[in-house]
Trainee: 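Before we start, here is the structure in question, set down as structure tokens.
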Amino acid sequence: MAKDRILLCLLHLSGNEMKYIQEAFDDNWVLPLGPNVNAFEDELKTFLGNPDKEVVALASGTAAVHLGLIGAGVKEGDEVLVQSFTFCASANPIKYLGAKPVFVDSEPLTWDMDPKLLEHSIIDRIEKTGRKPAAIVPVHLYGMPANMKAILAIADKYDIPVVEDAAEGFGSRYDGRECGTLGRYGVLSFNGNKMITTSGGGALVCPSIEAKREAMFYSTQARESYPYYHHEHVGYNYRMSNISAGIGRGQMTVLEEHIAHHKKLAALYAELFKDFPGVTLHQNPGPEYDSNYWLNTVLLDPTLEIVDQDKAYKEVVTRVVGGAAGVTHVAHDLHTDCEPNANVEAMRMALERANIESRPLWKPMHTQPIYRDAPAYLNGVSVSLFRCGLCLPSGPQVSEDDVRYVVDTMRKAVVSGPRDASCAGCQ
Ligand SMILES: *Cc1c(COP(=O)(O)O)cnc(C)c1O
């Protein structure tokens with residue numbers, strides 16, 4: 001079959017980008033500042049709809065997490081509470097600062113930071129270390145908003161700043177408000193697989209003009225105002241270039257279209273999975289949640305048997321996750337001590353044979369070798385989700401016919417089960 005490969009979420013340029021890039025060429029704007037950067041920041045601010053917030057365009061979402069933590073006052077030796085069920089970029093910048101990540105597990109409803117466990121972890125860290133954690137980093141994973149009302153209430157009660165990781169949640173809303181504007185700082189990403197792209201970039205949503213100025217200061221090598229280079233702080237080269245911002249401006253013209261498309265595919269998945277026993281689609285858990293459905297995700301019942309399940313994990317994966325083939329290390333073992341169930345890996349392989357990209361859910365940070373020694377407050381939810389879950393194609397290049405083909409391929413891959421039809425899935 002000569003079907004093009006169906007990818008999770010690869011973005012495409014709309015065509016409007018060239019106009020803004022051409023202007024940059026015409027004006028010879030080669031510096032990481034300029035009219036496109038300012039205009040892109042204004043457009044982001046308008047979209048976010050909160051006049052109290054200010055936006056700084058940066059080289060990546062990871063840089064935004066880093067500068068958000070600095071803005072929140074995180075210093076070397078501090079502890080930072082971060083959602084364990086996330087991509088590594090939510091946690092790694094804590095390490096960059098010489099601070100210590102403390103991981104908090106998820107709740108089954110949103111799959112994001114469990115507020116009860118968050119409060120327990122704060123009380124326990126104060127008891128164990130005599131000090132309050134310096135910041136809280138909740139994540140809107142796969143675009144699903146975290147339970148921000150409960151998380152912000154706890155953050156307020158203990159007076160701890162929130163750095164809201166909305167890298168996957170640009171265009172999601174919680175309680176009618178745009179994700180990224182709910183915490184003291186908010187993080188956006190414009191990587192090539194998020195909601196819009198600048199061919200690599202991100203933004204920090206700041207609480208004031210002063211905070212924006214400080215983030216800009218640190219993003220341009222922390223220069224003091226002298227006629228020569230004089231440094232009283234260690235800075236970073238994190239500003240977005242005027243060319244990238246031109247691409248971002250072109251992408252802003254298709255942002256609403258992208259959000260609507262992701263939601264349309266989510267509704268179609270919901271319809272098609274309704275009569276698919278053993279497969280549970282992750283959906284908005286209540287009226288205050290309005291996910292952008294950046295990636296549609298499902299859980300496979302552990303008793304669902306998938307074709308060639310006995311062949312799962314028998315050979316080293318060469319097409320590595322995230323399209324990073326060539327820059328990853330070679331796996332030295334077929335297994336790690338925490339991996340998705342064999343039926344999930346068999347389903348991934350069945351989709352792969354049909355030229356469909358799928359991917360296990362993100363492996364929780366507290367199970368990663370780099371964070372083996374970090375304290376973690378756990379309830380089993382994130383590991384259970386990781387063992388049972390799969391991300392499915394969801395991006396603007398995925399058509400409704402593609403979604404039908406994906407679900408059809410999954411249906412054909414089922415050998416038997418689930419054994420107990422009343423089982424609600426993984427949890
Ligand atoms: C992508 C991502 C980031 C980092 O964004 P980059 O632009 O890729 O640096 C941070 N947090 C989460 C949850 C992400 O998915």
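Source: prediction; values computed, not measured. Below, each value reflects all heavy atoms present in this structure, side chains not excepted, and no hydrogens, waters or symmetry copies. Numbers for residues simply follow the sequence, beginning at 1. Remember, it's 1-based here, ligands and their atoms both numbered in the order they're listed.
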Trainee: Using a strict cut-off of 4.0 Å, indicate which atoms of ligand 1 neighbour a heavy atom of V139.
Mentor: 13 (C)

Trainee: Which residue and atom name correspond to the protein heavy atom nearest atom 9 (O) of ligand 1, and how close is it?
Mentor: T62 OG1, 2.5 Å

Trainee: Within the 4.0 Å heavy-atom shell around A167, which atoms of ligand 1 are there?
Mentor: 2 (C), 3 (C), 10 (C), 11 (N), 12 (C), 14 (C)

Trainee: Is E210 salt-bridged to R213, cutoff N-O under 4.0 Å?
Mentor: no

Trainee: Is it the side chain (CB and beyond), the backbone, both or neither of D165 that lies under 4.0 Å from ligand 1, heavy atoms counted?
Mentor: side chain

Trainee: Check this for me, if you would: do E178 and R173 make a salt bridge, where the nitrogen-to-carboxylate-oxygen distance has to be below 4.0 angstrom?
Mentor: yes

Trainee: Less than 4.0 angstrom from a charged side-chain N to a carboxylate O is my criterion; do K264 and E400 meet it?
Mentor: yes

Trainee: When you look at N292 and M195, which way does the side chain to side chain contact (heavy atoms under 4.5 Å, CB included) test go after all the steps?
Mentor: CA-CA 9 Å; N292 62 14; M195 290 304 284; 3.6 Å; yes

Trainee: Could you say whether the N/O atoms of K194 and ligand 1 ever approach to under 3.5 Å?
Mentor: yes

Trainee: Going by the closest heavy atom to atom 7 (O) of ligand 1, which one wins out of A91, G202, S189, S90?
Mentor: S189

Trainee: Can you sort out which atoms of ligand 1 are near A89, meaning under 4.0 Å from one of its heavy atoms?
Mentor: 3 (C), 4 (C), 10 (C)

Trainee: In terms of side-chain geometry, is the basic nitrogen of K45 or E54 positioned less than 4.0 Å from the acidic oxygen of its partner?
Mentor: yes

Trainee: Check contact between G200 and ligand 1, using heavy atoms of the residue and a distance below 4.0 angstrom.
Mentor: no

Trainee: Should E41 and R239 count as an ion pair when the cut-off is N to O under 4.0 Å?
Mentor: yes

Trainee: Under 4.0 Å, heavy-atom basis, I'd like to know which part of T86 is in contact with ligand 1: side chain, backbone, both or neither.
Mentor: side chain

Trainee: Hey, what's the ring geometry for Y238 with Y236, parallel, tilted or perpendicular (30° and 60° as the breaks)?
Mentor: parallel

Trainee: Closest by any non-hydrogen atom to atom 6 (P) of ligand 1: pick that one out of G143, G61, P93.
Mentor: G61

Trainee: May I ask you to identify the nearest protein heavy atom to atom 8 (O) of ligand 1, giving residue, atom name and distance to one decimal place in Å?
Mentor: N191 ND2, 3.2 Å

Trainee: Going by atom types alone, do T253 and N16 pair a side-chain donor with an acceptor below 3.5 Å?
Mentor: yes

Trainee: Looking at G201, which atoms of ligand 1 are within less than 4.0 Å of one of its heavy atoms?
Mentor: 7 (O)

Trainee: Any Lys/Arg nitrogen of K194 or E168 sitting under 4.0 Å from an Asp/Glu carboxylate oxygen of the other?
Mentor: no

Trainee: So which protein heavy atom does atom 15 (O) of ligand 1 come closest to, and at what separation?
Mentor: E168 OE2, 2.5 Å

